[in-house]
Each structure stands twice: as C-alpha cells, then as structure tokens.
Amino acid sequence: MDPNTEGVSIEIREINKRLGPNHALRGASCVLSSSTLHGLIGPDGAGKTTLMRILVGLLKPNQGEVVFKRAGVQVPFKEVRPHIAYMPQAQSLYSDLSVSEHLDFFRVLYDIPRAYYQERRRELLKATDMENFASRPAGKLSGGMYKKLGLMCALLPSPEILLLDEPTTGVDPISRREFWNLLYRLLAHSPILILASTSYMDEAERCGQVHLMENGRILASGEPRSVLASEKVDNFEALFLKRAAV
C-alpha cells in the first residue's frame, strides 16, 4: 500500500441481522476512522463475529448499510474489497506446512509479484520476530506464534483494512501483549484501519477507539478513557456490569 494513499473509513449504519431464529445484530451503528486501531469489545455472543463477516462481505444485513469512504467520499464495496484482510478466529492454516511455505502459498494466492514479495516477506518476518522460525511447521508453533503466522499471511498483500476476529483468544498474556504491540508498530508505518474484536476487557484500553458491544447493539464508542469517564467507572469490566444491572 502506498503510504501516501488516503486511508479508508467505514460507517456502520443501523445494521440488523437475523441468523435463523437469532437476532444477531440490532441496529448496530458506529464509525471506524482510518489510520486507527479500533477495538470491538464485548462478551461471547455479542454479535462481534457477525458484524465482522458483514464488513468483509461474507454476510448481508437484513437492514441497514455499511458505507466505505476515502477522503470523505463514498466508494463502492467492490473497489475496497480487494484491500480488506480478514483473520477469522478459527484460522485455516496447514499444520504440516512451515512458516515459509505458508507465505509462499499466500503469495501465489494473492498473485503478488515475486520481487515485492521477497521484500514484504523479510519485513513481516522481522516485525513478528519470526525470522528464526521460518522453517518450523505451523503445527509445532506456540499459540502466540501461530497467531503471528496468521497475521503475516493476512498482511502479505498490504491491505488498507485489517479485520481481526478474537486474535488473542487462547494466547498467553505475554504473547497477547506482544501481538498488540505488533499491531501498533504496523499502524505507525501505514495508514491502515485495524478492527480487532475481543472479549478480554483489559485489552480495550490498548485501543485507539473502542466500540462496546452487547446483545447485537453497540452501546458506546470513543477513546477508551473518555468512555470510562462518561460512564463514571474505572474499567470496562465495571462498565459492562453497570450496563447489565440497568
């Protein structure tokens, strides 16, 4: 991605979605600004994955719309779609393929020019501290390293929008912190919009903007400390408990 490219923003407008008998999303609305690490925060079953799948085009809303904008001007989804990377919670990596073989596979999948690929590969291996593990099979990686491999595969084509569904679930605390630090290093070098969902309340304060989600609704959005101050609570766990008591 050209570092001088104007980043893409997303407006989510009154999205409703039914999945069979379940009302997964109930008028969800928020704005995802460009060049920002957004956190979609909420318990399991809040609707986070459903919203992610709508953003990437895997599901269509029953009502409402998703609007993509570049420099404040609306652009069609078909123009943005090739520049979206989606890392699902259950990653489809091959246990018998090495880190290097995965990157080679995704180079072919994304039809990335070989010269660009070689430089991008070096950048990603260095950024993730995986240079010494390029020959290790995915099935023999630790949980944190496995997540890093999935992230590298998603980042290989230099996307403008990165959607991460529960990227730190099942990962030890140190690897979780390293993963978030990696996202901020990525953000510092490119105008990328990152949306990461999580049910870990402590991770909310690592985000530039948070969007609190429960029962298919977005309860509040904003800078983490501002949201806590407006709700008169000290942390996000207390905020959700307060909301549940209403």
Side-chain angles (χ1 to χ4, degrees), residues 1-8 10 32 34-38 49 52-53 55-58 68 70 77-169 171 175-176 178-197:
M1 180 170 54
D2 184 347
N4 296 316
T5 298
E6 180 72 28
V8 176
I10 305 173
L32 305 176
S34 63
S35 304
T36 303
L37 201 169
H38 295 266
T49 295
M52 287 260 187
R53 290 176 177 173
L55 293 179
V56 81
L58 296 175
F68 295 88
R70 191 190 300 279
F77 177 69
K78 66 180 181 180
E79 181 180 314
V80 178
R81 178 62 188 91
H83 306 289
I84 299 176
Y86 174 51
M87 184 172 142
Q89 184 176 352
Q91 294 172 268
S92 299
L93 301 178
Y94 301 95
S95 61
D96 57 336
L97 291 185
S98 69
V99 170
S100 184
E101 287 169 335
H102 271 92
L103 295 176
D104 290 343
F105 171 78
F106 279 92
R107 181 196 72 80
V108 175
L109 184 66
Y110 292 130
D111 193 24
I112 298 172
R114 188 172 296 277
Y116 175 81
Y117 165 70
Q118 292 298 334
E119 179 61 26
R120 185 65 173 159
R121 180 182 183 277
R122 284 192 292 269
E123 289 175 355
L124 291 172
L125 286 170
K126 182 177 181 180
T128 56
D129 294 322
M130 294 279 281
E131 295 165 295
N132 295 328
F133 304 98
S135 61
R136 181 172 296 186
K140 295 185 178 180
L141 296 174
S142 67
M145 293 169 69
Y146 189 88
K147 295 286 187 177
K148 286 182 179 180
L149 173 57
L151 182 62
M152 281 194 290
C153 294
L155 290 173
L156 202 56
S158 299
E160 295 183 75
I161 299 171
L162 178 62
L163 306 178
L164 306 171
D165 192 6
E166 303 274 2
T168 57
T169 297
V171 176
S175 295
R176 281 170 55 197
E178 289 178 347
F179 193 92
W180 282 93
N181 289 341
L182 175 59
L183 294 182
Y184 267 106
R185 291 200 300 273
L186 170 66
L187 193 66
H189 292 92
S190 62
I192 190 171
L193 187 166
I194 302 174
L195 176 63
S197 67

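Heavy-atom basis, side chains included; hydrogens, waters and symmetry copies ignored. Along the sequence shown, the residues carry numbers beginning at 1. Source: prediction; values computed, not measured.
- Within a 6.0 Å radius of OH in Y94, other residues, nucleotides and ligands contribute 12 heavy atoms or fewer.
- Y117 places a side-chain N or O within donor-acceptor distance of the main-chain N or O of D104, the cut-off being under 3.5 Å.
- For the atom pair OH (Y146) and CG (L93), the distance works out to 4.0 Å, reported to the nearest 0.5 Å.
- Side-chain atoms of T168 never come within 3.5 Å of backbone atoms of V171 as a donor-acceptor pair (strictly under, hydrogens ignored).
- A salt bridge links E160 to R70: at least one charged side-chain nitrogen sits closer than 4.0 Å to a carboxylate oxygen.
- To the nearest 0.5 Å, atom CE of residue M152 and atom CE of residue M87 are 10.5 Å apart.
- In this structure, L164 and L183 have side chains that are in contact, with non-hydrogen atoms separated by less than 4.5 Å.
- With R120 contributing its side chain and P157 its backbone, the two residues share no donor-acceptor pair below 3.5 Å.
- Counting all heavy atoms, side chain and backbone alike, L103 lies closest to L156 at O-CD2, 3.5 Å.
- The line from CD1 of I10 to CG of L195 is 7.5 Å long, rounded to the nearest 0.5 Å.
- Nearest heavy-atom pair across L55 and F68 is O-CZ, 3.7 Å.
- T128 places a side-chain N or O within 3.5 Å of a backbone atom of L124 that can act as its donor or acceptor partner.
- The distance from atom CG of L151 to atom SG of C153, rounded to the nearest 0.5 Å, is 9.0 Å.
- Between H102 and F106, the angle of the ring planes stays under 30°, which puts this pair in the parallel group of the 30/60° scheme.
- Scanning both residues, L193 and H38, for their nearest heavy atoms gives CD2-CD2, 4.1 Å.
- Annotation for G7 and S34: closest pair C-CB, 3.7 Å, computed over non-hydrogen atoms.
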* Check the pair S100 / R121 against side-chain hydrogen bond (donor to acceptor under 3.5 Å, both in side chains), numbers first and verdict last. => CA-CA 9 Å; S100 184; R121 180 182 183 277; 2.7 Å; yes

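- Using a 4.5 Å heavy-atom cutoff, the side chains of D165 and Y86 are in contact.
- Within the 4.5 Å cutoff, the side chain of S197 has heavy atoms near those of the E166 side chain.
- R107 CZ: more than 12 foreign heavy atoms inside a 6.0 Å radius.
- A donor-acceptor distance shorter than 3.5 angstrom exists from the side chain of R81 to the backbone of V56, with no hydrogens or angles considered.
- Interatomic distance, L155 CG to I194 CD1, rounded to the nearest 0.5 Å: 8.0 Å.
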* Asked: Where do W180 and L37 land on the side chain to side chain contact (heavy atoms under 4.5 Å, CB included) test, with the steps shown first?
  -> CA-CA 10 Å; W180 282 93; L37 201 169; 3.3 Å; yes

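- Within the 4.5 Å cutoff, side-chain heavy atoms of Y116 are placed close to those of S158.
- Looking only at distances, a side-chain donor or acceptor of S190 sits under 3.5 Å from a matching main-chain atom of L186.
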* To do: For S98 and R136, run side chain to side chain contact (heavy atoms under 4.5 Å, CB included): C-alpha distance rounded to whole Å, both residues' side-chain angles, the deciding distance at 0.1 Å, then the answer.
  => CA-CA 5 Å; S98 69; R136 181 172 296 186; over 6 Å; no

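- In this structure, the separation between CD1 on I192 and OG on S35 is 9.5 Å, given to the nearest 0.5 Å.
- Between P137 and S95, the closest heavy-atom pair is CB-O, 3.5 Å.
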* Show your working on salt bridge (Lys or Arg N to Asp or Glu O under 4.0 Å) between E178 and K148 and close with a plain yes or no. => CA-CA 10 Å; E178 289 178 347; K148 286 182 179 180; 3.7 Å; yes

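- Summarising the geometry of K147 relative to T169, their closest heavy-atom pair is CE-O, 3.7 Å, with the distance given to 0.1 Å.
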